[in-house]
Asker: 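One structure coming up, written as structure tokens, with questions to follow.
In this chain, residues are counted from 1 in sequence order.
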Amino acid sequence: MFVAQELRKKNIAEYLLYMWQIEDTIRAFDCSLTRIKREYVERFDYNDEQKEEEIDWFGNLIRMMNQEGCREKGHLQINQVTMQMLVELHNQLLQSPKFPFYNTEYYKVLPFIVELRNRGANKEENEIETCFNSLYGVMLLRLQKKDISPDTAHAVKEITTFIGMLSDYYKKDKEEGLKFE
């Protein structure tokens, strides 16, 4: 919860990837709050009050996962809404003549997006979600200490730059409001 709160303020892309990881963490513990408390939360250097807040947060997430039918796969509605906000911002940035650097970066990563989409199971997902899925997949590979090819590393570097730019625009839009016209 504490990490999520900080990431949400600083970098929406990192926040969303972190929340996807939290969903998978909850699944790894069979959506059991008792196990998460005992085997996960207890490992952190939190005081008793912080531990209780963290456990409550996990409890709420587990309840939402159960209610929303994403115990085994998929993403929570709160995360889907965040993704949709990023997709909408992406579309606004592309349609506006005021953001040429964003457009340039988008067209730089578009071949990677097309290739990833052609390889993936869901050819209908939007471009931003394709980017996030690739970043999350590589993150998981790295956590497992698995190698990634130089081509994949290059693609991920470009996608990271692009999503970082989108995240920066998201933050600027929330803090100051972007003018698209």
Asker: With side chains defined as the heavy atoms from C-beta onward, is the minimum distance between L89 and L178 less than 4.5 Å?
Answerer: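 Of all side-chain heavy-atom pairs linking L178 with L89, at least one is under 4.5 Å.
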Asker: Considering only heavy atoms from C-beta outward, does the side chain of M64 approach that of Q77 to under 4.5 Å?
Answerer: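 Of all side-chain heavy-atom pairs linking Q77 with M64, none is under 4.5 Å.
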Asker: Does the side chain of R71 reach to within under 4.5 Å of the side chain of N66, using non-hydrogen atoms?
Answerer: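 Yes, their side chains come closer than 4.5 Å.
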Asker: Under the salt bridge (Lys or Arg N to Asp or Glu O under 4.0 Å) rule, what pairs show up with a residue in residues 137-154, not counting sequence neighbours?
Answerer: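 Salt bridge (Lys or Arg N to Asp or Glu O under 4.0 Å) check on residues 137-154 returns no pairs.
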Asker: Using 30° and 60° as the class limits, which term best fits the ring planes of Y46 and F2: parallel, tilted or perpendicular?
Answerer: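 Perpendicular: the ring planes of Y46 and F2 meet at over 60°.
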Asker: Considering non-hydrogen atoms only, spot the tightest contact between N11 and S167 and give its length.
Answerer: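 Heavy atoms of N11 and S167 come nearest at OD1-OG, 2.9 Å.
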Asker: Evaluate the ring planes of F44 and Y40, with Trp represented by its six-membered ring, and classify them as parallel (under 30°), tilted (30 to 60°) or perpendicular (over 60°).
Answerer: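 If you compare the ring of F44 with that of Y40, the planes turn out perpendicular.
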Asker: Would you give the length of the straight line joining atom OG of S134 to atom CD of E115, rounded to the nearest 0.5 angstrom?
Answerer: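 Result: 11.0 Å between the selected atoms.
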Asker: When you look at F132 and L86, which way does the side-chain contact (heavy atoms from CB on, under 4.5 Å) test go after all the steps?
Answerer: CA-CA 11 Å; F132 273 88; L86 288 170; 3.8 Å; yes
Asker: Once rounded to the nearest 0.5 Å, what's the spacing between atom CE of M83 and atom CG of N133?
Answerer: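 Reported value, rounded in 0.5 Å steps: 7.0 Å.
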Asker: With a 6.0 Å cut-off (strictly less than), is the heavy-atom count around CD of E175, excluding the residue itself, greater than 12?
Answerer: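 Enclosed: over 12 neighbouring heavy atoms sit under 6.0 Å from CD of E175.
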Asker: Using 0.5 Å steps for rounding, measure from the OH atom of Y18 to the OH atom of Y136.
Answerer: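 Rounded to the nearest 0.5 Å, the OH-OH separation comes out at 11.5 Å.
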Asker: Please tell me if the side chains of Q50 and N47 come closer than 4.5 Å, counting only heavy atoms from C-beta onward.
Answerer: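 Counting from C-beta outward, Q50 and N47 do come under 4.5 Å.
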Asker: Of all residues at least two apart in sequence or in a different chain, which pass the side-chain hydrogen bond (donor to acceptor under 3.5 Å, both in side chains) check with E42?
Answerer: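 With neighbours one apart ignored, the set is K51.
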Asker: Taking only residues two or more places apart in sequence, or in another chain, which ones meet N60 in a side-chain hydrogen bond (donor to acceptor under 3.5 Å, both in side chains)?
Answerer: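 Partners of N60 under the side-chain hydrogen bond (donor to acceptor under 3.5 Å, both in side chains) test: R63.
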Asker: Supply the atom-to-atom distance M65 CE to E23 CD, rounded to the nearest 0.5 angstrom.
Answerer: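 So the CE of M65 and the CD of E23 are separated by 5.5 Å.
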Asker: With a 4.5 Å heavy-atom cut-off, do I78 and T82 have their side chains touching?
Answerer: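 The answer is no, as the side chains (C-beta and beyond) never meet within the 4.5 Å cut-off.
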Asker: Report the C-alpha separation of L116 and I159 in whole Å, then their side-chain angles, then the decisive distance to 0.1 Å, and conclude whether the side-chain contact (heavy atoms from CB on, under 4.5 Å) test is met.
Answerer: CA-CA 11 Å; L116 287 164; I159 290 169; 3.6 Å; yes
Asker: Applying ring pair (Phe, Tyr, Trp, His ring centres under 6.0 Å), can you list everything that pairs with F112, at least two apart in sequence or on another chain?
Answerer: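 So F112 forms a ring pair (Phe, Tyr, Trp, His ring centres under 6.0 Å) with H154.
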Asker: Can you confirm whether more than 12 heavy atoms, excluding those of E72, are under 6.0 Å from its CD atom?
Answerer: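 No - once you tally the heavy atoms of other residues, nucleotides and ligands closer than 6.0 Å, there are 12 at most.
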Asker: According to side-chain hydrogen bond (donor to acceptor under 3.5 Å, both in side chains), who are the partners of E88, at least two apart in sequence or on a separate chain?
Answerer: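 Per chain and number, E88 pairs via side-chain hydrogen bond (donor to acceptor under 3.5 Å, both in side chains) with Q84.
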Asker: Between atom CE of M19 and atom CG of N79, what is the distance when rounded to the nearest 0.5 Å?
Answerer: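 M19 atom CE to N79 atom CG measures 4.5 Å (nearest 0.5 Å).
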Asker: Please lay out, stage by stage, how Y170 and L166 fare under the test side-chain contact (heavy atoms from CB on, under 4.5 Å).
Answerer: CA-CA 6 Å; Y170 177 89; L166 177 61; 5.7 Å; no
Asker: Rounded to the nearest 0.5 Å, what separates atom CD1 in I163 from atom CG in D168?
Answerer: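 Between atom CD1 of I163 and atom CG of D168 there are 11.0 Å.
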Asker: Per the salt bridge (Lys or Arg N to Asp or Glu O under 4.0 Å) rule, what does the pair list look like for residues 26-37, sequence neighbours excluded?
Answerer: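 Sorted pair list: D24-R27, D30-R35, R35-E39.
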Asker: Could you pull out the closest heavy-atom pair between K98 and K179, with the gap in Å?
Answerer: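 Heavy atoms only, the tightest pair is CD-O, 3.2 Å.
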Asker: Determine, step by step, whether I62 and I36 satisfy the side-chain contact (heavy atoms from CB on, under 4.5 Å) criterion, reporting the C-alpha distance in whole Å, the side-chain angles of both residues, the deciding distance to 0.1 Å, and the verdict.
Answerer: CA-CA 10 Å; I62 291 167; I36 289 170; 3.7 Å; yes
Asker: Give me the atom names and distance for the closest heavy-atom approach of I128 to N126.
Answerer: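 It is N-OD1, 3.0 Å.
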Asker: Side chains of E127 and Y106: donor-acceptor distance under 3.5 Å anywhere?
Answerer: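 Per modelled atom types, E127 and Y106 side chains form a pair under 3.5 Å.
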Asker: Flag the pair L93 / F180 as yes when at least one side-chain heavy-atom distance between them is below 4.5 Å, and no otherwise.
Answerer: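 They are in contact (side-chain heavy atoms under 4.5 Å apart), so the answer is yes.
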Asker: Consider only side-chain N and O atoms of H90 and Y102, and report whether a donor and an acceptor are under 3.5 Å apart.
Answerer: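 Their side chains do contain a donor-acceptor pair, which is all the 3.5 Å distance test asks for.
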